[in-house]
Structures are given as C-alpha cells and as structure tokens.
There are 2 protein chains.
Amino acid sequence: MGRRSDHTRDELEQLIIGAGHTLLAEVGYHRFSAREVAKRIGYSVGTIYNVFDSLDDLMLAINGRTFLIWAETIARSLQNAGLDRIALLVASYFDFATSNRNLWMAIYDHRLPAGVPLPDRYARQRGVLTDILRGEIAAVLPEDRRDLAPALARSLLATVHGHCVFALNGTFALLDERDPHGAALARVREALAAAGAHIAV
Amino acid sequence: MGRRSDHTRDELEQLIIGAGHTLLAEVGYHRFSAREVAKRIGYSVGTIYNVFDSLDDLMLAINGRTFLIWAETIARSLQNAGLDRIALLVASYFDFATSNRNLWMAIYDHRLPAGVPLPDRYARQRGVLTDILRGEIAAVLPEDRRDLAPALARSLLATVHGHCVFALNGTFALLDERDPHGAALARVREALAAAGAHIAV
DNA sequence: AGCATAAACTGAGCGGTGTTCAATAAAAAT
DNA sequence: ATTTTTATTGAACACCGCTCAGTTTATGCT
C-alpha cells in the first residue's frame, strides 16, 4: 500500500514505542523483535525502520519511556511519604524492578556497540530519576556536606542497584539471601550515617 | 563422515568450552554463536549439540570456566597481599571485570528461561569465589560477630558488583563518576566499620 | 478535472541465528 | 567378513535485523 495517514509521524512513533514497551514487558529483551512490534500495530517491518534507524534506536526509545514511568512512579510515592524518605526510595527501587522485571532488566541488558555514545535525549530521560535521588540525599546531609550529595547519590544508586540485580538474576537465591531489600537499606543507612546524615527512623 | 575419534568425548567438551571461551572474550555475549565455535574447532554445528543440550548449556559451561579462572586469579593475588586484604579484594574484582569485559559481562547477560534452576555444577563453580570472600570477611570481623560474615559477604559482593556494572555499562560515565572503584571501596569500609571490623589501613 | 510530484508503506530478499535429525562413515564387536 | 555401534554431518525449519525497489495514496499545480 502507500500513504495511509491514519497517523502523523509522531503518532506512529509513539504507537511503535507503546507496542514495543508492551511487547518488551511481556517477553523480555532477548525475545523482543521488530517484526512482532510491527505485527501488533498492523504495519510491516519496513515501517519500523522508516521511523527508527535501527533496533538499538527503538530500544533506547522504549527504555527511555521506562525511565520516565519509573521516575514518575517514584515521584508519586514520595508525595505521600513519611519521615524516612530514604527507606521509601530504596523500597521504590526494588518495587519497580520487581513488578516490571522485563522492562527494568532491558534497561541494562541493552547495550550500544562499543564507542557509540548514548544520545542526549536518552541521557536526559535517565537524568530525571537520578536528579530526584540527588535531591533527597542532599536533603538528609548536613549543610556543610551537601557537596557530597552527587557522588554519594551515584554510589548509593550503584549499591542498591547491585542488590537489586542479584535479587532478580538469581545470584542471591544461590547465596541463600532472603532479604535483598533489607540488606540494601542497611548499606545505604551505614553510608549515610558515615557522611553525617540525620535520618528519622 | 563418521567416527573420527581424534578426541574423546571429554576432550571434545573441553575443546568446545575452550574455543567458546575465546570467542566469547573476543566478540561478547550477543555476537556469540554456536556455528562460529564449531567452525573454529573444525567441527560442524551438529557436533556442538551432540555434546551440549542447548546454547544455554554451553554458555553455562563457559561462564563456569570464567568463574574458576576468576577465583584462581583472586586467590593468587591474595597470596602476596599486604595487610589490607579487603582493599585488594575490591581491586581484584574491578580488575578482573575490566580486563575481561566480555567474559565478565556474559556471566550476567546470560539468563536461563524463567523457572529453570541453575545446575549444581555451575552453582559450585560460583561457590568457589564467594567462599573466598566469606572467609576474608569473617577474618576481619571480631569473633563475637563472625556469624554476620555470610550475610555481609553477600551484601558487599552486591555493593561492589553494582559499582562495577555501572562502571562498565556507561551509567557512571553518564553520571560523571570518575572513580567507581574508590566509591565501592568506601562503601565496603563503612559497612565493615559498622559491623565492628578491624581493618589495617 | 487531470497530471506530476512527494510521501508512506510494503514485503521479498540477504545473510545471519538456534535447533533438529535422517543420512553417512568409520571403528568395534561379532 | 559382516553386523552393530558410535561419531559426525549439514540441509532444512523457523526465526532474526535490516534494506530498498516498487507500489499505493495524498497532495500541489495547472
């Protein structure tokens, strides 16, 4: 066929990302395919490649959306948080990863060829989430140590991430760890305490 | 052709694992293929599948070998270690991962289908490495807290792992972190200090 | 209205993948 | 010498990412 124009270019892009997001959530990164996305929206493979340069490109768009949803989820749960906002952040991280297994893992399963840098757009979508973390960590640090916030936020993110990965990929099951979330929170508390943070517990 | 018997079954298995290991190191998980392994040892695809049930099976064998080499590397570097053995462990972790990027990442890139448990053989190969860690951590804990060692070892492994993943997958580059190894070591020291460990620094 | 241009969309085709299994060839046993 | 067992093959199947000549439709122009 030819021009159909049921959708504008932007709508089509969003349609693809949406269907891709759903497919990814259902089957996971390594069973994801452009052909299946096309089938689901009633277009042919070629159309996917007219809108996106490559599958890498599409994956970045889908993962970018996951990041936005993730940031939104965490922001919302922070709104009705108690005093211990840090504990809530850790819990949110685990919660999102666990209840969106495939989407969350795809973020880290997908990698660009060596040397290709992440596009700015994607970097910004990721930034939304890390900005929230940095803000919350800065808030619990004493004023004279606020400058530690960026580095500490990165490091604690990595700490929680490590526990979360091991929880989801079976490593912790192998090691008989039954409370990954608790362990992560304990490490975060120790690090914050060492930095002089004042946390309500 | 038919029976060639240049190799016994076991030799052939080791030949495949060896060539697979090399290929994996060269091209990484997502460009790894059974056909290429076969080509490199002068056999055809079918032979790979006579020796291994599936590619998952072969990947486990290869990753298992990586674990053994990793454990050996760490054990050797512990032999001529100074007083701060914990710092050396963290450094070794980063060092192995960085200088064996593809092999190390493949351990975590490869995942069995949901529900399929890791075979015992593989679990044991992994165990060698974690046993070393648990021993070293127990050694720096006061006697009356030695029982914390297993849980703490798991958690610190996850902590260092998280930092290492972010260092290798570009997340830390995105977040302007320039000393992942230093950050990981700082977190480990804080956690050990909180557990009452006595470390030579 | 008719026609030319531009845009959207297709899907067969290319070279790859994991996996299977009838056929085959050589060694071992009889 | 003949049968049996074993090791090995590679074409075939259904999938993959990706391309691009070709088709269809909408739009602009006279």
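By convention in this document, chain letters (A, B, ...) are assigned in the order of the sequence lines, proteins followed by strands, and residues within each chain are numbered from 1. These figures come from a predicted structure and were not determined experimentally.
- When each of Thr130(A), Ile107(A), Val128(A) is checked for a side chain to side chain contact (heavy atoms under 4.5 Å, CB included) with Phe67(A), only Ile107(A) meets the rule.
- Note: OH (Tyr29(A)) to C1' (dG17(D)) measures 12 Å, nearest angstrom.
- To the nearest angstrom, C1' of dT9(D) lies 13 Å from CG of Leu12(B).
- At dC9(C), none of the side-chain N or O atoms of Ser44(A) fall inside 4.0 Å of OP1 or OP2 (strictly under the cut-off).
- Between Thr73(A) and Asp95(A) the shortest side-chain heavy-atom distance does not fall below 4.5 Å.
- To the nearest angstrom, P of dG18(C) lies 11 Å from CE of Met59(B).
- Counting only residues at least two apart or on different chains, the side chain to side chain donor-acceptor pair (under 3.5 Å) pairs with a member in residues 160-171 of chain B are Arg126(A)-Thr171(B), Ser155(A)-His163(B), Tyr93(B)-His161(B), Asn169(B)-Thr171(B).
- Salt bridge absent: Asp56(B) and Arg111(B) never bring a charged side-chain N and a carboxylate O closer than 4.0 Å.
- As rounded to whole Å, 14 Å separates atom P of dG11(C) from atom CD1 of Ile48(A).
- Residue Lys39(A) contributes atom NZ, which lies 12 Å from atom P of dG17(D) at whole-angstrom precision.
- Two residues, Arg31(A) and Thr47(B), neighbour DNA chain D, and the one matched to the more 5' nucleotide by heavy-atom proximity is Thr47(B).
- With contacts defined as side-chain heavy-atom distances shorter than 4.5 Å, the pair Leu152(B)/Leu141(B) qualifies.
- Residue Ile16(B) contributes atom CD1, which lies 14 Å from atom P of dG18(C) at whole-angstrom precision.
- In this structure, of dT8(D), dT10(C), dT17(C), it is dT10(C) that holds the atom nearest to the side chain of Tyr43(A).
- Contacts of Phe52(B) with the nucleic acid, taken as non-hydrogen atoms under 4.0 Å apart, are absent.
- For the pair Ile86(A) and Asp84(A), the minimum side-chain heavy-atom distance is below 4.5 Å.
- Two residues are said to be in side-chain contact when any heavy atoms from C-beta on lie closer than 4.5 Å; Leu78(A) and Leu89(A) meet this criterion.
- Here dT8(D) presents its P atom at 11 Å from CD of Glu11(B), a figure rounded to the nearest Å.
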Pairs under 3.5 angstrom, nitrogen or oxygen only, protein versus nucleotides 18-21 of chain D, please.
residue	atom	partner	partner atom	Å
dC18(D)	OP2	Tyr49(A)	OH	2.8
dC18(D)	OP2	Leu55(A)	N	2.6
dC18(D)	N4	Arg35(A)	NH2	3.1

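- Regarding Glu36(A), its CD atom lies at a distance of 15 Å from the C1' atom of dG17(D), rounded to whole Å.
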